[in-house]
Every structure is written in structure tokens, then in C-alpha cells.
Novice: 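Got a structure for you, questions after.
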2 protein chains.
Amino acid sequence: MGLGSNQRTSQRTSQRPGGTPGNGWTGIGELADEFGLTPRTIRFYEDKGLLTPARENNQRVYSHRDRVRLGLICRGKRLGFTLTEIKEFLKLYEADDNRIEQMRFLLHHGRERIAALESQWRDVEETLHDLRDLVAAAEEYVRRVTRP
Amino acid sequence: MGLGSNQRTSQRTSQRPGGTPGNGWTGIGELADEFGLTPRTIRFYEDKGLLTPARENNQRVYSHRDRVRLGLICRGKRLGFTLTEIKEFLKLYEADDNRIEQMRFLLHHGRERIAALESQWRDVEETLHDLRDLVAAAEEYVRRVTRP
DNA sequence: ACCCCAGCTTACCTTGACGTAAAGGGAAGC
DNA sequence: GCTTCCCTTTACGTCAAGGTAAGCTGGGGT
Ligand SMILES: [Zn+2]
Ligand SMILES: [Zn+2]
Ligand SMILES: [Zn+2]
Ligand SMILES: [Zn+2]
């Protein structure tokens with residue numbers, strides 16, 4: 001729905017996807033390059049149930065939809081969500097009519113994450129302060145000792 | 001040198017250290033309480049070579065020196081150093097005449113750490129921004145949908 | 001005598017996100 | 001026909017900082 005049904009009855013005889021882009025699907029290597037990931041990572045996401053690409057001759061074949069999902073995964077990771085959380089989010093993303101649930105989920109875990117980050121922010125601030133003091137003291141010491 | 005030689009010929013017949021404080025040494029439980037750690041953690045630090053307490057009747061006995069070291073460990077951890085780095089630092093701390101080396105080490109890794117924290121700071125800032133935008137949008141969406 | 005508590009050692013488990021190796025298959029290019 | 005490249009699967013290893021469990025010891029109190 002809205003993403004277009006996968007019209008790829010593949011005139012391609014080739015085993016290796018990835019050579020001819022623009023068909024709406026992709027091989028794992030190409031996808032990895034595109035997102036700056038390793039193929040291993042993408043397989044790992046599949047293991048964890050975040051992706052379910054089709055197979056063609058036992059090779060993974062990624063549709064446009066899969067690529068969108070991978071984009072969401074990457075964004076989730078950039079925002080510091082765990083793969084488990086991302087998986088739940090994607091589950092909601094499955095059905096288009098679950099937008100509200102999706103948004104609620106986003107709200108809940110987003111706020112959660114914001115709180116954690118704000119706490120982390122304060123931690124980093126304090127640690128930086130202490131560390132700067134410490135390094136300044138060390139600088140002072142070294143200066144005093146090396147130039148008597 | 002400078003920390004006082006361990007004058008604890010122990011009139012105590014007791015096997016269990018920790019009962020009588022003020023002798024300059026301590027049992028593991030007492031020490032754990034004092035620093036807010038578990039005994040397991042302290043043994044772990046010993047495993048990693050950060051502490052080398054004496055034994056008395058097969059029980060760990062912590063001198064004043066050990067307690068100082070543990071204090072340094074905790075501070076290092078608060079500042080986000082890894083145990084390996086802390087261990088190196090403590091190695092320099094061993095010899096009193098290595099103060100300068102110690103300070104240089106502190107300078108080097110301190111600056112390293114500061115740079116990492118500053119980067120982390122920016123990351124957190126950006127993530128917070130994006131996340132707030134995202135949550136705001138979700139709020140907006142939910143508002144629009146639930147109140148038609 | 002018995003139980004409880006604290007400590008000891010050794011060894012495996014945990015969490016997250018992959019890396020690495022092994023062993024093989026199919027296709028493309030020379 | 002050979003090499004090279006990419007792909008597949010399964011399985012085990014990694015890192016940090018401990019947690020948890022098992023099985024033993026030894027003292028104190030009742
Ligand atoms: Zn959450
Ligand atoms: Zn200050
Ligand atoms: Zn360092
Ligand atoms: Zn913005």
C-alpha cells in the first residue's frame with residue numbers, strides 16, 4: 001500500500017543482484033555500501049528480525065520497502081535506540097493504519113530517551129568540568145617542575 | 001614511603017578483619033560499604049591487577065595505601081576512564097618519584113578524554129535536537145488525530 | 001551440635017552489536 | 001580452465017565491567 005507492489009518478475013538471468021540499479025531492488029553488497037554498513041551487519045539485522053528480504057536463488061534481494069526500513073533502522077541507531085526498540089517500532093510501521101500507535105510508541109520511548117540524554121548531558125558536563133580542572137592542575141604541575 | 005609502614009602486628013586473634021577500624025586496614029566487606037561497591041567488584045579489580053591487598057589467614061586485608069588506590073580507581077571511573085587506563089595510571093602512581101610521568105600521563109589521556117567527551121557532547125546535543133523535533137511532530141500528529 | 005554469616009575460589013553468564021573464520025557455490029572475466 | 005569476487009550458512013569470538021552460582025571454609029552465637 002503506497003509503496004507499490006513489487007513488480008520485479010526479473011528478466012534478469014543473473015544470480016547477482018546489484019549490477020543493474022533502478023529496478024527497485026538491490027543486493028546486499030550494494031545496500032551495504034549505500035548505507036555505510038557491512039553486509040554482515042545487514043544479515044545481523046535480518047537475524048534479529050528487523051529485515052526480511054526476499055530470496056532469489058538463495059541470494060538476498062532487497063526491495064524498496066526494505067531499503068526504507070533500513071533507513072529507519074539507521075536513524076533509530078543514530079538516535080541511540082536499541083535494536084530491540086527499533087524492531088518494535090518497525091512492527092508498528094508495518095501496518096499503515098497503525099500510525100497512531102506508532103506515534104504513541106515514538107512519544108513514549110522518545111521521551112524516555114530524551115530524559116536519558118538529558119541526564120547523560122549533565123554527566124558529561126560535570127565530568128568535563130572535573131577533567132579540565134584536573135588537567136589544568138597537571139599542566140601547572142608540569143610547568144612548575146620542568147621550569148624551576 | 002610517606003604512607004607509613006604497615007605497623008599491624010595484629011594483636012587480633014580474630015580471622016575476620018573489619019571489626020575494629022582505625023588500625024589502618026580493612027576487610028573487603030567494610031571497604032565495599034565504604035566505597036559503595038560490592039565485594040565482587042573489589043575482587044574483580046584485584047583480578048585486573050588494580051589492587052594487591054595482603055592476605056591474613058587467606059582473607060584479604062586492605063591497607064591504607066590500598067584504600068587510597070581504590071579511591072583513585074573510583075575517581076577514574078567517575079571520569080569515564082577505562083580500567084586499563086586506570087591501571088596504567090596506578091602503575092605510575094606506585095613510585096613516588098614518578099609524579100612527573102604520572103602528570104604527563106594524566107595530561108595525555110585527560111586531553112584525549114576531554115576531546116572524546118566534547119565530541120560526545122555535540123552528539124548528544126544533536127540527537128536531543130532531532131529527538132525533540134521528532135517527539136514534537138508525534139505530539140502534533142496525535143493531537144490532530146485524537147481531536148478532530 | 002547447629003545454624004548463620006562472611007569470605008574464598010572457580011567458572012560460567014550477561015548485554016549489544018557485530019567480527020571472524022570455515023567451507024562452499026556460482027558467475028564473470030581473461 | 002583458472003582466478004577473482006561476491007554471495008551463502010553456521011558457529012564461535014570479542015569487548016567492559018562485573019553478576020551469579022556452586023561448593024567450601026571458618027568463626028560467632030544460641
Ligand atoms: Zn524505551
Ligand atoms: Zn572546578
Ligand atoms: Zn587514553
Ligand atoms: Zn530541528
Side-chain angles (χ1 to χ4, degrees), chain A residues 10 12-21 25-62 66 70 73-88 90 113 116, chain B residues 10 12-21 25-62 66 70 73-88 90 113 116:
Chain A
S10 103
R12 317 183 78 246
T13 56
S14 166
Q15 298 288 85
R16 301 184 46 209
T20 49
W25 58 273
T26 321
I28 195 169
E30 200 180 344
L31 201 66
D33 287 354
E34 193 172 330
F35 283 88
L37 305 170
T38 69
R40 170 63 177 120
T41 298
I42 297 182
R43 290 190 201 106
F44 179 72
Y45 292 162
E46 184 179 341
D47 267 13
K48 292 289 164 182
L50 300 180
L51 292 173
T52 39
R55 304 296 173 105
E56 217 161 291
N57 291 326
N58 207 28
Q59 308 247 140
R60 288 166 176 86
V61 161
Y62 296 88
D66 290 321
L70 188 50
I73 294 172
C74 288
R75 187 168 65 147
K77 285 203 55 192
R78 277 203 326 273
L79 295 177
F81 289 103
T82 164
L83 288 187
T84 316
E85 275 174 327
I86 295 176
K87 178 179 177 179
E88 286 191 60
L90 286 177
R113 192 83 241 288
Chain B
S10 103
R12 315 182 80 246
T13 56
S14 166
Q15 298 288 86
R16 301 183 46 211
T20 50
W25 58 272
T26 322
I28 195 170
E30 199 181 344
L31 202 66
D33 288 353
E34 192 172 332
F35 283 89
L37 305 171
T38 70
R40 169 65 175 117
T41 298
I42 297 181
R43 289 189 201 107
F44 179 71
Y45 293 161
E46 184 179 340
D47 268 12
K48 292 290 164 182
L50 300 180
L51 292 173
T52 40
R55 306 295 174 105
E56 216 160 293
N57 291 324
N58 208 27
Q59 308 247 139
R60 288 167 176 85
V61 161
Y62 297 88
D66 291 320
L70 188 50
I73 294 172
C74 289
R75 186 168 64 148
K77 285 204 54 192
R78 278 202 327 273
L79 295 178
F81 289 102
T82 165
L83 288 187
T84 316
E85 276 175 324
I86 295 176
K87 178 179 177 180
E88 286 190 60
L90 287 176
R113 191 84 239 289

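Per chain, numbering begins at 1; letters A, B, ... match sequence-line order. Computed from a prediction, not measured in an experiment: that's the story for all the values here.
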Novice: Below 4.0 angstrom from OP1 or OP2 of C:dA6, is there any side-chain N or O of B:Arg43?
Specialist: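 The answer is no; no side-chain N or O of B:Arg43 sits under 4.0 Å from OP1 or OP2.
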
Novice: Take the protein atom OH of B:Tyr62 and the nucleotide atom P of C:dG7, then report the distance between them rounded to whole Å.
Specialist: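 My rounded result for the distance is 10 Å.
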
Novice: Compare side-chain N and O positions of B:Arg60 against OP1 and OP2 of C:dG7 and report whether any pair is under 4.0 Å apart.
Specialist: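 For C:dG7, OP1/OP2 do not have a side-chain N/O of B:Arg60 under 4.0 Å.
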
Novice: Between atom CD1 in A:Ile73 and atom C1' in C:dA17, what is the gap in whole Å?
Specialist: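 After rounding, the reported distance stands at 13 Å.
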
Novice: What integer distance in Å separates A:Ile42:CD1 from D:dC6:C1'?
Specialist: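 It is 14 Å, rounded to the nearest whole Å.
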
Novice: Would you please confirm or rule out a distance under 4.0 Å between OP1 or OP2 of D:dA17 and any side-chain N or O of B:Thr82?
Specialist: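 Indeed, a polar side-chain atom of B:Thr82 lies that close.
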
Novice: For the pair made of CZ in A:Arg55 and C1' in C:dG26, what is the distance, rounded to whole Å?
Specialist: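 In whole Å, C:dG26 C1' and A:Arg55 CZ are 16 Å from each other.
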
Novice: Tell me: CD of B:Glu56 to P of D:dT25, nearest whole Å?
Specialist: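 The answer, rounded to whole Å, is 21 Å.
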
Novice: Counting just side-chain N and O atoms, does B:Tyr45 come under 4.0 Å of either OP1 or OP2 of D:dA17?
Specialist: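 For B:Tyr45, the contact criterion (side-chain N or O under 4.0 Å from OP1 or OP2 of D:dA17) is not met.
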
Novice: For C:dC18, take OP1 and OP2 only and decide whether either is under 4.0 Å from a side-chain N or O of A:Lys77.
Specialist: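 It does, given that an N or O in the side chain of A:Lys77 lies less than 4.0 Å from OP1 or OP2 of C:dC18.
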
Novice: OP1 or OP2 of C:dG16 versus the side-chain N and O atoms of A:Thr84: is any pair under 4.0 Å?
Specialist: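 Looking at the OP1 and OP2 atoms of C:dG16, neither is under 4.0 Å from any side-chain N or O of A:Thr84.
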
Novice: Could you give the CZ-to-C1' distance, from A:Arg40 to C:dA22, as a whole number of Å?
Specialist: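 Whole-Å distance recorded here is 14 Å.
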
Novice: Between A:Phe81 and B:Gly29, which is nearer to the 5' end of DNA chain C once each is assigned its nearest nucleotide?
Specialist: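 Counting from the 5' end, the first nearest nucleotide belongs to B:Gly29.
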
Novice: Within the structure, does a side-chain N or O atom of A:Thr38 lie under 4.0 Å from either OP1 or OP2 of C:dC18?
Specialist: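 No, no such contact exists.
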
